[in-house]
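Below is one structure; the comments refer to it alone.
Reminder, nothing fancy here: chain letters follow the sequence lines and each chain counts from 1.
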Number of protein chains: 2
Amino acid sequence: MFRDFSPQELAFVSSFKIAEMPAEPGMLIMVEGEQNPSLYTVLTGWGFRYKILEDGRRQILNYVLPGDMIGLQGNVMAEMQHSVEALTRMTLCTFERERFPSLFRNHPSLAFDITWMASREESMLDEHLLSIGRRSAQERAAYLLAFLDWRAKGTMNERKSGVQLPLTQQHVADTLGLSLVHTNKTLRKLADQGLVRWLDRGCAVMEPEGLYRVAGWRPPNEGKRPFI
Amino acid sequence: MFRDFSPQELAFVSSFKIAEMPAEPGMLIMVEGEQNPSLYTVLTGWGFRYKILEDGRRQILNYVLPGDMIGLQGNVMAEMQHSVEALTRMTLCTFERERFPSLFRNHPSLAFDITWMASREESMLDEHLLSIGRRSAQERAAYLLAFLDWRAKGTMNERKSGVQLPLTQQHVADTLGLSLVHTNKTLRKLADQGLVRWLDRGCAVMEPEGLYRVAGWRPPNEGKRPFI
DNA sequence: CGGGCCGTTGATCCATTTCAAACATAGTGG
DNA sequence: CCACTATGTTTGAAATGGATCAACGGCCCG
């Protein structure tokens with residue numbers, strides 16, 4: 001599921017990587033407004049990107065899973081425009097931003113991969129925007145869970161649904177732009193239809209096809225993707 | 001407001017550019033689901049990117065203005081995940097996608113610019129997502145108009161507000177994720193406060209600071225940006 | 001003069017929010 | 001072992017922001 005690299009590329013990526021870092025659930029990996037000299041690749045675990053308004057209203061923008069880069073979003077060299085928090089225990093691989101120019105100069109194919117990843121993130125944001133702007137609560141919830149289940153599958157070797165998504169309903173609410181109460185009622189309906197099952201702090205997708213139908217959405221097929 | 005290029009870069013960009021193309025208002029520049037061998041830089045005029053659901057519900061994702069690239073979003077080499085329509089008469093500069101690898105190989109600084117632009121687009125989408133997900137109708141409308149006014153200023157030499165934004169209220173509604181009727185009432189209130197003025201098929205921002213206050217948002221300062 | 005597109009307004013309806021409260025579970029300290 | 005607290009889920013009732021329905025007026029253009 002990930003593309004192969006040449007020995008040169010691997011050597012460079014290894015030298016690029018300066019440290020491996022663990023993160024505990026709830027830990028802030030990046031903070032809006034701060035300038036972070038490094039950026040990360042997710043090796044294991046889940047996290048999410050979000051923004052908050054002054055009065056505390058929070059919007060989750062997207063989730064980060066193994067293989068994703070953190071900190072690529074929002075001017076590669078400037079201060080962060082959003083925060084990133086760990087959802088589960090994570091392990092991250094650290095890179096220094098200042099080595100970016102060298103990467104672009106010496107490894108065009110890796111540079112291309114980075115652009116590819118940025119562009120993939122954009123596609124996801126586009127779909128989220130469509131979802132929040134124009135889909136009903138039911139459709140939104142179905143879309144989100146199907147989307148996350150699909151992404152979860154994409155990080156595992158045996159690609160099957162039903163893995164537990166490590167979220168609380170508060171996370172779902174803040175992703176969908178709905179209130180916690182209404183989110184609960186909406187999820188309840190999906191669970192009553194047997195499409196998902198809500199567990200302790202998490203949910204498992206039982207019938208992805210059913211969710212696709214409700215949401216009016218299908219996962220795109222991406223082919224192999226880079227892993228830096 | 002745009003960064004300077006070296007003679008080599010200029011020469012390459014010129015060779016990269018294969019044609020200049022005009023577009024009339026309402027014309028589709030890219031269509032969701034199609035594979036377009038070229039992509040464009042906007043030289044003049046306004047357009048917008050959008051997605052539609054099967055039943056016709058439309059969500060405008062973002063606007064494209066002079067200096068922006070069209071078609072960069074969504075896997076650089078695959079089929080489009082959204083459509084792009086001209087809002088005013090536009091002139092576009094055409095590039096062939098297949099020349100991307102060569103650009104990345106021979107002009108790292110231009111490759112970096114492309115990543116920079118993708119990352120800038122992402123920042124905008126993040127803010128839109130926050131807006132649609134968590135801001136009230138008033139706040140959203142104020143944000144959108146302030147945002148567009150700011151972007152319009154960024155394409156002109158004398159940077160002042162009050163230029164006419166070439167939109168209908170239907171466009172605003174489809175951007176904000178609101179109904180046309182409610183959008184009208186919301187815009188009316190902003191106009192009654194003297195913050196904006198609604199003209200024939202467009203609107204002019206009278207008091208950007210007032211909009212910033214209502215929206216709880218300030219435009220970021222970007223410094224110089226690339227123009228490819 | 002007629003038709004189409006766009007903006008405007010009032011009335012009604014409903015999806016979602018807000019308020020309020022209860023329950024379940026896990027962790028903590030006495 | 002049991003109160004005690006914190007976090008997360010669930011439910012009902014009331015309030016409301018925004019959607020929908022319906023209609024009108026202005027303007028441009030053929």
Side-chain angles (χ1 to χ4, degrees), chain A residues 24-27 48 53 55-60 85-88 131-145 164-193 196-204 214, chain B residues 24-26 53 55-60 85-88 131-145 164-193 196-204 214:
Chain A
E24 294 304 312
M27 195 179 123
F48 61 95
L53 294 171
D55 61 4
R57 282 174 287 177
R58 177 175 78 167
Q59 178 64 40
I60 294 182
E85 183 179 322
L87 210 41
T88 65
S131 203
I132 297 195
R134 289 307 184 193
R135 283 195 247 249
S136 70
Q138 284 272 332
E139 294 168 330
R140 269 185 244 187
Y143 160 70
L144 176 63
L145 299 180
Q164 181 166 345
L165 311 175
L167 313 160
T168 68
Q169 298 193 351
Q170 185 67 66
H171 292 118
V172 176
D174 287 348
T175 311
L176 301 181
L178 296 172
S179 72
L180 177 58
V181 174
H182 196 61
T183 299
N184 176 274
K185 288 167 183 167
T186 305
L187 290 173
R188 198 89 285 284
K189 279 180 201 156
L190 291 180
D192 289 346
Q193 292 171 68
V196 303
R197 189 172 299 168
W198 200 267
L199 313 159
D200 181 44
R201 292 157 167 271
C203 127
V214 173
Chain B
E24 295 303 312
L53 294 171
D55 62 3
R57 283 174 286 178
R58 178 175 77 168
Q59 178 64 41
I60 293 181
E85 183 177 322
L87 211 42
T88 64
S131 202
I132 295 194
R134 289 306 183 194
R135 284 195 247 250
S136 70
Q138 285 272 331
E139 294 167 330
R140 270 185 242 188
Y143 161 70
L144 176 64
L145 299 180
Q164 182 165 347
L165 311 176
L167 313 160
T168 68
Q169 299 192 350
Q170 184 67 64
H171 291 117
V172 176
D174 287 349
T175 311
L176 301 182
L178 297 172
S179 72
L180 177 58
V181 174
H182 196 62
T183 298
N184 174 275
K185 287 167 183 168
T186 305
L187 290 173
R188 195 92 284 287
K189 278 180 201 156
L190 292 179
D192 290 346
Q193 291 171 67
V196 303
R197 188 171 298 169
W198 201 268
L199 313 159
D200 181 42
R201 292 158 168 271
C203 127
V214 173

Please report the interatomic distance [atom1]([X]) to [atom2]([Y]), rounded to the nearest 0.5 Å.
X: A:Trp198; Y: A:Arg188; atom1: CH2; atom2: CZ; answer: 10.5 Å
X: A:Glu85; Y: A:Met27; atom1: CD; atom2: CE; answer: 10.5 Å
X: B:Leu145; Y: B:Cys203; atom1: CG; atom2: SG; answer: 4.5 Å
X: B:Leu165; Y: B:Thr88; atom1: CG; atom2: OG1; answer: 11.5 Å
X: A:Leu87; Y: A:Arg201; atom1: CG; atom2: CZ; answer: 10.0 Å
X: B:Glu139; Y: B:Thr186; atom1: CD; atom2: OG1; answer: 11.5 Å

Using atom types as modelled and distance alone, determine if a side-chain donor or acceptor of A:Arg140 lies under 3.5 Å from a backbone N or O of A:Leu176.
yes

Backbone N/O of A:Asp200 and side chain of A:Gln164: donor-acceptor pair under 3.5 Å
yes

Shortest non-hydrogen contact from A:Gln59 toward B:Gly133:
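Result for this residue pair: OE1-CA, 3.3 Å.
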
So, for B:Ala137 and B:Leu178, which heavy atoms are closest and what is the spacing to 0.1 Å?
CB-CD1, 3.8 Å

Result for side-chain contact (heavy atoms from CB on, under 4.5 Å) between B:Ile60 and one of B:Leu144, B:Val172, B:Asp174 points to B:Asp174

Heavy-atom protein contacts under 4.0 Å, nucleotides 23-30 of chain D, coded B base, S sugar-phosphate only, - none
--------

Suppose we screen for side-chain contact (heavy atoms from CB on, under 4.5 Å). Which residues come up paired with A:Leu53, at least two apart in sequence or across chains?
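Once residues adjacent in sequence are excluded, the partners of A:Leu53 under the side-chain contact (heavy atoms from CB on, under 4.5 Å) criterion are A:Asp55, A:Arg57, B:Leu130, B:Arg134, B:Arg135.
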
Interatomic distance where CD belongs to B:Gln138 and P belongs to D:dG18 [whole Å]
9 Å

By a strict heavy-atom criterion of less than 4.0 Å, which residues belonging to residues 164-183 of chain A are in contact with DNA chain C?
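Residues of residues 164-183 of chain A that come under 4.0 Å of DNA chain C are, in numerical order, A:Gly177, A:Leu178, A:Ser179, A:Val181, A:His182.
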
Could you list by number each residue of residues 184-192 of chain B showing a heavy-atom separation from DNA chain C of less than 4.0 Å, or answer none if no residue does?
B:Asn184, B:Lys185, B:Arg188

Bending between helix ends of the helix from C:dC1-D:dG30 to C:dG30-D:dC1 [5 pairs per end, 10° resolution]:
30°

Quick check: on DNA chain C, is the nucleotide nearest B:Trp198 upstream (toward 5') of the one nearest B:Arg134, or the reverse? Name the residue that is more 5'.
B:Trp198

Without hydrogens or angle criteria, can the side chains of A:His171 and A:Thr168 be said to hold a donor-acceptor pair below 3.5 Å?
yes

Start and end of the DNA chain C segment that chain B contacts, any atom under 4.0 Å from a heavy atom:
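Going 5' to 3' along DNA chain C, contacts run C:dC5 to C:dA11.
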
